[in-house]
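Below is one structure; the comments refer to it alone.
Per chain, numbering begins at 1; letters A, B, ... match sequence-line order. Computed from a predicted model, the values in this text were never measured in an experiment.
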There are 2 protein chains.
Amino acid sequence: MIKDDLDWKILEVLQQNSRTPYAVIGREIGLSASAVAERIQRLEDSGVIEGYATTINLKKAGLPLSAYISIQVQKTNHATFVSYIKEFPEVIQCSRVTGKDCLIMKCALKDSSHLANVIDRLAVYGDPTTLVVLSEVIRNGMICKEIIELAAALEAGDMPD
Amino acid sequence: MIKDDLDWKILEVLQQNSRTPYAVIGREIGLSASAVAERIQRLEDSGVIEGYATTINLKKAGLPLSAYISIQVQKTNHATFVSYIKEFPEVIQCSRVTGKDCLIMKCALKDSSHLANVIDRLAVYGDPTTLVVLSEVIRNGMICKEIIELAAALEAGDMPD
DNA sequence: TTTGAAAGAGACCAAGT
DNA sequence: ACTTGGTCTCTTTCAAA
């Protein structure tokens with residue numbers, strides 16, 4: 001799906017700014033704008049590129065408080081709870097995970113009473129554990145070739161036959 | 001910064017697809033393309049719009065495994081650790097939070113031995129707790145006006161003078 | 001697959017309502 | 001603050017190597 005380093009470079013540029021003109025990308029990696037367009041089209045069609053998003057500054061949007069809330073939901077209630085939390089616009093991220101607390105969510109909030117309200121509404125399904133975000137160290141880390149390479153290097157050395 | 005409902009609608013469209021043509025946005029909300037452009041420019045200048053990103057499908061990029069790793073770092077080592085984890089390309093998200101484990105990270109990984117390696121490298125600074133992601137319930141929840149309204153409704157009713 | 005050129009669409013700028 | 005019209009740039013498509 002990702003064929004070579006040029007694909008990776010295109011993806012890296014697009015992750016930083018999805019509206020970079022194809023001609024500019026082409027200049028950076030030594031390709032014509034149409035070649036870039038074709039590659040991007042392929043990456044879209046194959047599903048590597050899922051979409052183009054816009055990052056909103058939560059503070060400036062009036063939501064200066066964030067929190068991770070994890071909750072333990074019985075497996076019988078799992079499907080019900082999943083459709084329930086989809087009604088919460090505050091929940092901007094939600095993953096099912098291993099461990100006792102089987103769902104971990106990230107919420108965008110106005111203030112502490114807003115947080116209290118969300119916790120109360122979630123508490124119907126289980127006992128929520130809350131971690132208030134003090135600062136964001138890394139917001140949207142880039143998916144880059146380097147990650148794959150690090151993982152590949154492990155296989156070569158760490159697991160002798 | 002966000003003036004009215006039209007700004008919110010523009011932000012909602014852009015969050016779903018940052019490359020939506022201004023004319024299309026204008027058609028949806030009843031404005032000319034130039035008016036839309038002006039508003040977007042204002043939202044960029046005021047910092048409400050932080051940037052335009054591209055969402056990569058981690059599975060298709062060769063990183064089918066994700067995990068939340070939290071770690072307890074002494075406050076004396078905090079700054080050192082923060083610059084240390086910035087060298088980890090696997091860490092795609094990192095927040096400083098309240099609670100005993102003061103940093104929570106999300107990692108993109110190739111496989112379990114890759115995960116083991118990341119845990120080992122992090123363990124230098126503290127005892128990491130790992131939660132493997134089983135599925136993503138909500139990926140990039142939209143920041144919308146509704147969140148603000150829910151919070152505002154609370155203030156009106158819940159806190160009588 | 002990539003390139004180059006041509007056509008169409010969109011973004012941008014300025015003046016006007 | 002929004003609209004209209006003109007201009008310029010970008011995307012897209014197609015033919016050819």
Strictly under 6.0 Å, is that where the ring centroids of B/Tyr52 and A/Tyr52 end up?
no
Min and max contacting nt of DNA chain C in 5' to 3' order, chain A heavy atoms within under 4.0 angstrom, are C/dT1 to C/dA5
With DNA chain C as reference, determine whether A/Leu6 or A/Arg19 sits nearer its 5' end, using the nearest nucleotide of each.
A/Leu6
Test salt bridge (charged side-chain N to carboxylate O under 4.0 Å, His left out) applied to B/Arg121 and B/Glu90, step by step
CA-CA 12 Å; B/Arg121 283 187 284 153; B/Glu90 293 97 338; 2.9 Å; yes
When you measure from the side chain of [X] to the backbone of [Y], do you find a donor-acceptor pair of N or O atoms at a distance under 3.5 Å?
X: A/Asn117; Y: A/Ser113; answer: no
X: A/Asn77; Y: A/Val73; answer: no
X: B/Ser46; Y: B/Arg42; answer: yes

With a 4.0 Å cut-off on heavy atoms, is B/Arg42 in touch with a base, just the backbone sugar-phosphate, or nothing at all?
sugar-phosphate
Pull out every residue in residues 21-40 of chain A that has a heavy atom closer than 4.0 Å to any atom of DNA chain D, ordered by number, or say none.
A/Pro21, A/Tyr22, A/Ala23, A/Ser34
Is there a side-chain contact between B/Glu50 and B/Glu44 in this structure, where contact means two heavy atoms from C-beta onward sitting under 4.5 Å apart?
no
Could you check if a side-chain atom of A/Ser95 sits within less than 4.5 angstrom of a side-chain atom of A/Leu103, using non-hydrogen atoms only?
no
How sharply is the helix from C/dT1-D/dA17 to C/dT17-D/dA1 bent, taking the axes over five pairs at either end and rounding to 10 degrees?
30°
Over 60° means perpendicular and under 30° means parallel, so classify the ring planes of A/Tyr84 and A/Phe81, tilted if in between.
tilted
Should the pair B/Tyr68 and A/Tyr68 be assigned to parallel (<30°), tilted (30 to 60°) or perpendicular (>60°) ring geometry?
perpendicular
Candidate pair B/Ile56 and A/Met142, rule side-chain contact (heavy atoms from CB on, under 4.5 Å), full reasoning:
CA-CA 9 Å; B/Ile56 306 295; A/Met142 200 158 65; over 6 Å; no
